[in-house]
Amino acid sequence: MDEKYAFALRKIALLGGINNYVAVSSRELGDALDMSQQSASKRILELLDEKYLVRDLGARKQRIKLTEAGVDELRKEYNEYRRIFELTDHVTLRGKVVTGMGEGGYYITQKPYMDQFQSKLNFRPFEGTLNVKLTKEDLGKMEIIKSMPGHTIDGFEKDGRTFGKATAYKAKIQNLDCAIVMPERSHYDDILELVCKYHLRRTLSINDGDVVSVIVDLSPLSPEN
């Protein structure tokens with residue numbers, strides 16, 4: 001994204017234009033962007049053409065608001081800055097242990113999955129997953145993780161049924177080696193699904209509602225992975 005657009009979107013967002021329409025004149029926006037009223041008007045038109053803004057023309061002032069595409073562009077920048085200033089080769093996610101849909105054990109124990117976990121993660125998972133509902137503050141970190149290469153767990157067909165592809169990232173929970181698994185098709189986007197060779201609830205004595213931290217490894221993968 002062009003930096004001049006990113007700068008303008010940041011300023012409009014700071015005026016309140018992410019969640020609501022904000023009333024602002026071209027002159028006021030020009031002051032915020034440190035440019036002339038004419039240049040600010042042109043910038044708004046460019047952002048409208050790029051579908052980063054929507055506008056409602058009022059009698060005295062225009063009302064503008066970031067579109068979802070505009071918010072996504074700012075979110076990408078935000079995640080890049082987080083990687084620069086906060087992250088090294090890992091990211092820590094926090095959340096509460098919750099009960100899943102009960103399907104993890106069935107999927108995890110399929111031999112093609114098990115074989116790939118063994119070869120790519122160096123362990124065969126216990127039957128089932130530990131589900132952790134992320135805090136709102138950490139949801140944005142999932143975009144950082146998804147932007148990094150993980151271990152591809154290929155899908156397959158069995159008895160006329162399709163088992164989907166997933167991406168796994170090595171991780172640790174209370175110093176135990178584990179992995180988070182992100183199915184290509186998931187029922188939710190705020191739940192971490194962890195696999196480990198141990199029964200995590202029993203081994204760590206954790207139950208629904210307990211807060212846990214998961215450290216996800218973002219270091220570069222070796223060539224064979």
Side-chain angles (χ1 to χ4, degrees), residues 1-96 98 132-150 167 169 171 180 182-193 211-218:
M1 180 177 168
D2 194 313
E3 175 56 29
K4 65 184 181 184
Y5 295 158
F7 179 69
L9 290 177
R10 287 198 298 271
K11 291 299 183 179
I12 295 169
L14 287 170
L15 292 172
I18 282 188
N19 297 315
N20 299 291
Y21 279 93
V22 56
V24 59
S25 68
S26 297
R27 175 169 299 188
E28 290 169 335
L29 187 59
D31 290 342
L33 300 180
D34 194 23
M35 61 174 55
S36 68
Q37 179 179 350
Q38 183 179 6
S39 295
S41 296
K42 180 182 177 183
R43 187 58 38 81
I44 290 174
L45 292 176
E46 291 171 344
L47 293 172
L48 289 168
D49 288 341
E50 295 291 336
K51 310 299 184 185
Y52 294 142
L53 279 185
V54 288
R55 179 170 65 171
D56 176 29
L57 293 175
R60 299 181 62 185
K61 287 186 178 181
Q62 62 186 339
R63 297 168 66 243
I64 54 178
K65 179 178 180 290
L66 271 67
T67 63
E68 188 60 36
V71 174
D72 284 344
E73 290 297 330
L74 284 187
R75 188 177 290 116
K76 289 176 186 176
E77 284 218 337
Y78 168 70
N79 287 331
E80 287 177 357
Y81 279 118
R82 291 190 73 163
R83 288 183 61 189
I84 292 171
F85 292 108
E86 297 180 22
L87 307 171
T88 52
D89 58 352
H90 68 275
V91 60
T92 301
L93 300 171
R94 285 173 53 84
K96 290 184 178 181
V98 296
V132 177
K133 185 176 179 63
L134 294 175
T135 63
K136 291 182 179 179
E137 294 78 10
D138 281 0
L139 276 177
K141 295 180 182 179
M142 290 299 290
E143 296 303 318
I144 298 174
I145 296 172
K146 291 176 182 177
S147 71
M148 302 296 288
T167 304
Y169 297 86
I180 63 171
M182 297 184 183
E184 193 172 54
R185 299 187 299 271
S186 178
H187 297 291
Y188 27 58
D189 57 11
D190 61 346
I191 301 290
L192 279 186
E193 295 185 73
V211 177
V212 296
S213 295
V214 180
I215 301 174
V216 184
D217 184 359
L218 298 181

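Both backbone and side-chain heavy atoms feed into the values below; hydrogens, waters and symmetry mates do not.
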Would the distance check show the side chain of [X] and the main-chain N or O of [Y] forming a donor-acceptor pair, the cut-off being under 3.5 Å?
{"X": "Lys141", "Y": "Thr92", "answer": "yes"}
{"X": "Ser41", "Y": "Ser26", "answer": "no"}
{"X": "Tyr78", "Y": "Gly140", "answer": "no"}
{"X": "Tyr52", "Y": "Tyr5", "answer": "no"}

Is it true that Arg10 and Glu3 make a salt bridge, defined as a side-chain N closer than 4.0 Å to a carboxylate O? yes
Is it the case that more than 12 heavy atoms not belonging to Lys42 sit under 6.0 Å from its NZ atom? no
Does Asp34 CG have over 12 foreign heavy atoms under 6.0 Å away? no
Looking only at non-hydrogen atoms, find the nearest pair between [X] and [Y] and report the distance.
{"X": "Tyr169", "Y": "Lys146", "value": "OH-CA, 3.9 Å"}
{"X": "Leu218", "Y": "Ile144", "value": "CD1-CG2, 4.3 Å"}
{"X": "Leu74", "Y": "Ala13", "value": "CD1-CB, 3.8 Å"}
{"X": "Ala6", "Y": "Glu77", "value": "CB-OE2, 3.4 Å"}
{"X": "Ala23", "Y": "Glu28", "value": "O-OE1, 4.3 Å"}
{"X": "Arg63", "Y": "Tyr21", "value": "NH2-CB, 3.3 Å"}

In the structure I gave you, are the side-chain heavy atoms of [X] and [Y] within less than 4.5 Å of one another anywhere?
{"X": "Leu57", "Y": "Gln62", "value": "yes"}
{"X": "Lys96", "Y": "Val211", "value": "yes"}
{"X": "Ile145", "Y": "Met182", "value": "yes"}
{"X": "Val216", "Y": "Leu192", "value": "no"}
{"X": "Leu45", "Y": "Arg55", "value": "yes"}
{"X": "Leu66", "Y": "Glu73", "value": "no"}
{"X": "Asn20", "Y": "Lys65", "value": "no"}
{"X": "Leu47", "Y": "Ile64", "value": "no"}

Find the distance between [atom1] ([X]) and [atom2] ([Y]) and round it off to the nearest 0.5 Å.
{"X": "Thr167", "Y": "Ile180", "atom1": "OG1", "atom2": "CD1", "value": "10.0 Å"}
{"X": "Asp72", "Y": "Leu9", "atom1": "CG", "atom2": "CG", "value": "11.0 Å"}
{"X": "Ile44", "Y": "Asp49", "atom1": "CD1", "atom2": "CG", "value": "12.0 Å"}
{"X": "Thr135", "Y": "Arg94", "atom1": "OG1", "atom2": "CZ", "value": "7.0 Å"}
{"X": "Asp138", "Y": "Asp190", "atom1": "CG", "atom2": "CG", "value": "12.0 Å"}
{"X": "Glu137", "Y": "Leu93", "atom1": "CD", "atom2": "CG", "value": "12.0 Å"}

